[in-house]
Amino acid sequence: MSTYNPQEVEQHAQALWEKHQAFEVKADPNQDKFYCLSMFPYPSGKLHMGHVRNYTLSEVIARYQKMLGKNVLHPIGFDAFGLPAENAAIKNQREPAEWTYNNMDEMSAQFKRLGFAFDWSRQLATCQPEYYRWEQWMFVKLYEQGLVYRKDAVVNWDPVDQTVLANEQVENGRGWRSGAEVIRKSIPQWFLKITDYADELLASLDDMPGWPDSVKIMQRNWIGKSKGLELDFAVPDFGTVSIYTTRPDTLYGVSYMAVAPEHPLAVQAAANNPALGDFLTQCSKEQSNEAAMATMEKKGMYTGLDAVHPLTGEPVPVWVANFVLMTYGTGAVMAVPGHDQRDYEFAQKYDLPITQVIATEGDLSQAALTEKGLLIESGEYTGMDFDQAFAAMAQHFEAAGTGRVQINYRLRDWGVSRQRYWGCPIPIIYCDACGAVPVPEEQLPVVLPEEVTFDETGGSPIKKMPEFYQTTCPQCGGEATRETDTFDTFMESSWYYARYSCPDYHDGMLSEEANYWLPVDQYIGGVEHAILHLLYARFYHKVLRDQGLVNSDEPFTHLLTQGMVLKDGAKMSKSKGNTVDPQELIDQYGADTVRLFSMFAAPPEQSLEWSEEGVEGAARYLNRLWNQVTAFLAAAGNEPPAMQGDLDKAQQEMRWKIHQTIDKVSTDIGERKTFNTAIAAMMELTNALSKFADGTDNGIAIRHEGWYNLVKMISPFAPHMAQALWEQLGETSLLCTAAWPTVDTSALVQDEIEMVVQVNGKLRGKISVATNAAKDEVEAQALAEPNVHKFVDGKTIRKVIVVPQRLVNVVVS
RNA sequence: GCCGGGGUGGCGGAAUUGGUAGACGCGCCGGAUUCAAAAUCCGGUUUCUUCGGAAGUGCGAGUUCGAUUCUCGCCCUCGGCACCA
């Protein structure tokens with residue numbers, strides 16, 4: 001019997017896996033595949049506990065599936081483009097590429113030290129031209145297909161640093177480096193028509209049982225499909241302003257219109273109205289993100305223009321309002337203060353009329369009445385309900401040619417242009433004669449120069465590098481300029497999961513192997529990606545499908561969204577100084593302990609509260625398991641006697657516990673994904689086996705059966721220690737390729753069962769009954785229980801509820 | 001503000017389909033071992049209690065024989081809100 005030495009044991013197991021290339025896989029049409037994937041990391045520096053948790057989750061599932069006999073793909077790579085590399089470059093005067101590659105090396109070493117069962121031969125990094133060339137290639141394909149277009153869109157402009165800022169670089173409306181007031185600036189940018197796929201993205205959600213409902217609901221709301229009317233309002237001295245409304249039934253209640261500050265009407269009206277001009281300038285300094293728009297003070301100004309109400313002919317004043325989004329619908333709304341709360345508050349503030357045109361309960365002097373109901377004060381539409389009014393008005397306006405039924409989406413097209421350096425160059429060339437021309441396939445990739453110098457403003461260096469942007473037009477051969485914007489990094493993360501199937505394929509974006517591995521069977525990552533990343537990836541997958549590159553409709557069959565790792569109730573972050581370095585823990589306790597703790601401390605979806613004592617507990621458990629198994633083997637050897645004859649009661653119970661645990665652990669890992677309860681069950685079995693000191697042949701056989709299966713079951717969590725114990729059990733194969741334990745259902749049969757007896761819902765006693773006992777027998781036995789009898793005596797029994805196998809509730813008065 | 005989570009002992013959490021609230025672990029208390037300590041092992045541990053019991057899962061109502069679980073209304077907290085990834 002030897003003591004447990006994690007460092008030694010872990011080195012040994014890792015060397016074995018390396019020697020046998022245990023986790024490198026090839027497509028094999030004759031074997032069931034299982035593709036298990038954790039969201040790839042941004043190479044920010046060293047690993048943190050969030051990474052450990054994320055990759056241990058996929059690790060446990062991957063190793064479990066492998067033991068079930070599946071051909072398991074469990075790859076790793078890096079989401080290597082992004083803003084932090086540029087920040088590090090400015091701060092440390094290092095090239096983003098060098099910084100990134102260094103971090104990748106460091107993190108790879110830590111991944112290996114943790115013993116993750118990755119197929120390292122498939123490692124990829126999105127900043128490598130071999131990867132992003134296919135992203136550029138696909139962009140050109142989509143351009144040719146008409147799914148790409150260019151339009152003006154708003155960015156955060158820092159007027160001092162003369163650069164575009166990301167939202168997180170704007171603090172309280174000011175640039176984080178310069179401190180200057182950030183303004184909204186409109187510049188031309190490239191967009192992908194994700195809205196063309198809105199309906200399919202929405203409809204597919206109904207057929208994705210492997211995704212959490214919460215994520216599907218969030219995506220549905222994000223897509224925000226609605227049916228309404230687009231109506232044209234004539235505005236004398238301007239022209240026509242179209243609005244979109246989902247509540248045409250409230251049309252008679254319109255008391256004003258509101259347009260976005262960027263709306264052409266507002267711009268025209270401001271031309272000879274200095275006060276209005278000032279207001280628009282003021283609006284341009286306000287943040288345009290949705291949270292800010294929704295919470296800021298609602299402000300507006302009359303433009304001096306009046307629209308004509310399309311039904312009554314009455315004049316309707318047109319206002320500019322800071323809360324109207326130019327990017328949603330038409331950038332103009334009709335305002336019905338009586339039946340919309342935001343319009344209501346605005347009308348109260350500016351003393352605009354509030355009228356009721358829908359008959360509903362409520363007090364209009366307190367709040368808008370937003371419930372639907374029958375129309376009142378609405379001319380010929382009076383008395384109709386919502387559906388009737390919608391249909392009648394749609395018919396009226398369509399006949400008049402001034403309105404139409406329209407399906408609208410909250411989802412906007414995907415702006416992919418970033419005015420930043422460390423990203424994939426957008427493969428477009430601008431020619432004075434030919435306009436925007438995509439880079440021809442044979443000229444791809446457009447390689448991002450890696451030797452660059454940064455100044456403190458954070459502006460992209462390639463915008464100042466003629467050797468990068470000076471080129472010739474692919475169409476006319478004349479002088480031309482390259483696009484210097486790069487892609488949103490969500491572009492890279494939208495298809496990496498597919499590229500893992502063939503990372504070294506040079507003749508195309510994806511090879512046939514993609515269709516063997518895809519879709520991903522289990523995808524794991526933080527909830528914070530519930531909408532953006534996961535929606536973009538779903539969109540991209542459908543685009544890949546329509547290009548004939550994959551034959552599935554959705555990329556991820558099952559999704560697990562993990563919670564954050566907290567310390568003292570707050571998210572671990574460098575700025576808070578509450579980080580825990582996994583490396584120190586690995587050095588002190590070993591990888592198995594760190595892995596076990598991260599799985600045991602909380603269920604995957606919930607946040608995990610960090611606890612040093614909890615880690616010690618995990619280490620203590622592994623130590624105890626090691627000692628128990630080695631002590632048993634030292635005493636009984638690794639060749640157990642055969643079980644024979646009848647088992648006594650304690651032996652039966654021990655076997656029941658062993659097989660009940662196998663059943664539970666299998667369900668917890670394979671179906672429920674509650675690894676914390678799987679570990680708890682294994683701890684219970686460990687405790688039970690420790691106390692079961694039966695030295696008879698049958699007893700030793702049962703103990704061997706228990707420890708043997710326990711070593712297998714703990715192996716996805718603590719694979720190094722399990723491998724060492726496996727060898728002590730006399731096995732010569734790799735444990736990670738051994739078969740997962742199977743349940744002996746005959747061991748689960750019990751002929752007696754304990755039932756709980758309640759009186760008026762309160763626990764009063766317990767009875768032991770035959771498993772197949774009839775209801776009357778159970779009832780009789782329950783009433784005969786002394787303590788139950790005490791509480792029932794002298795009272796009238798109203799009814800007795802018997803829940804088979806569980807409890808009896810005697811209702812008395 | 002809108003959308004989606006979460007709230008259970010001193011702490012992390014369990015209770016899988018409406019059926020024993022607190023599994024498992026941590027901490028703490030007691031014991032064994034030790035010259036002593038660490039480590040290890042064994043036992044106890046929701047609160048109150050007149051020792052019969054009673055109360056108890058963020059707060060307030062409701063449905064039910066029975067609610068941590070379902071319904072309604074609140075409070076607190078975390079994630080997302082389109083250029084952080």
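Labels below follow one simple rule: chain letters A, B, ... track the order of the sequence lines, proteins then strands, and each chain is numbered from 1.
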Notebook entry, point to check: Is Arg764(A) salt-bridged to Glu785(A), cutoff N-O under 4.0 Å?
Noted result: no
Note to self: Please tell me if Arg624(A) has a side-chain N or O lying less than 4.0 Å from either OP1 or OP2 of C42(B).
What the structure shows: no
Check: Given A82(B), A85(B), G19(B), which nucleotide is nearest the side-chain atoms of Leu83(A)?
Finding: A85(B)
Next item on the list: Classify the nucleic acid contact of Glu492(A) as base, sugar-phosphate or nothing, counting any heavy atom under 4.0 Å across all strands shown.
Entry: nothing
Next item on the list: Syn or anti for G9(B), please, going by whether the chi angle lies within 90° of 0.
Entry: syn
Note to self: Taking only side-chain N and O atoms of Arg410(A), does any of them lie within less than 4.0 angstrom of OP1 or OP2 on A82(B)?
What the structure shows: no
Next item on the list: Take Leu608(A) and Phe597(A) through the side-chain contact (heavy atoms from CB on, under 4.5 Å) test and state the conclusion after the steps.
Entry: CA-CA 10 Å; Leu608(A) 182 157; Phe597(A) 171 74; 4.1 Å; yes
Check: Of all the choices, A54(B), G1(B), G4(B), which nucleotide is nearest to the side chain of Glu290(A) once you look at every atom?
Finding: G1(B)
Notebook entry, point to check: So, does Asn54(A) use its side chain to make a donor-acceptor pair with the main chain of Gly526(A) at under 3.5 Å?
Noted result: no
Note to self: For U20(B), does the base pair up with any side-chain atom of Lys762(A) as donor and acceptor (N or O, under 3.5 Å, distance only)?
What the structure shows: no
Notebook entry, point to check: Around Asn172(A), counting heavy atoms of other residues, nucleotides and ligands shown, do more than 12 lie under 6.0 Å from its CG?
Noted result: no
Item checked: Given A82(B), C81(B), A23(B), the nucleotide with the shortest approach to the side chain of Glu684(A) -> A23(B)
Item checked: Donor-acceptor pair (no angle test) under 3.5 Å: Asn221(A) side chain, C3(B) base -> no
Next item on the list: Compare side-chain N and O positions of Arg620(A) against OP1 and OP2 of G27(B) and report whether any pair is under 4.0 Å apart.
Entry: yes
Next item on the list: Output the single nucleotide from G25(B), G43(B), C65(B) whose closest atom is nearest the side chain of Lys691(A).
Entry: G43(B)
Margin query: If the cut-off is 4.0 Å, is Lys664(A) near the phosphate of A15(B), judged by side-chain N/O to OP1 or OP2?
Written below: no
Next item on the list: Considering just the side-chain nitrogens and oxygens of Asn687(A), establish if one lies under 4.0 Å of OP1 or OP2 belonging to G25(B).
Entry: yes
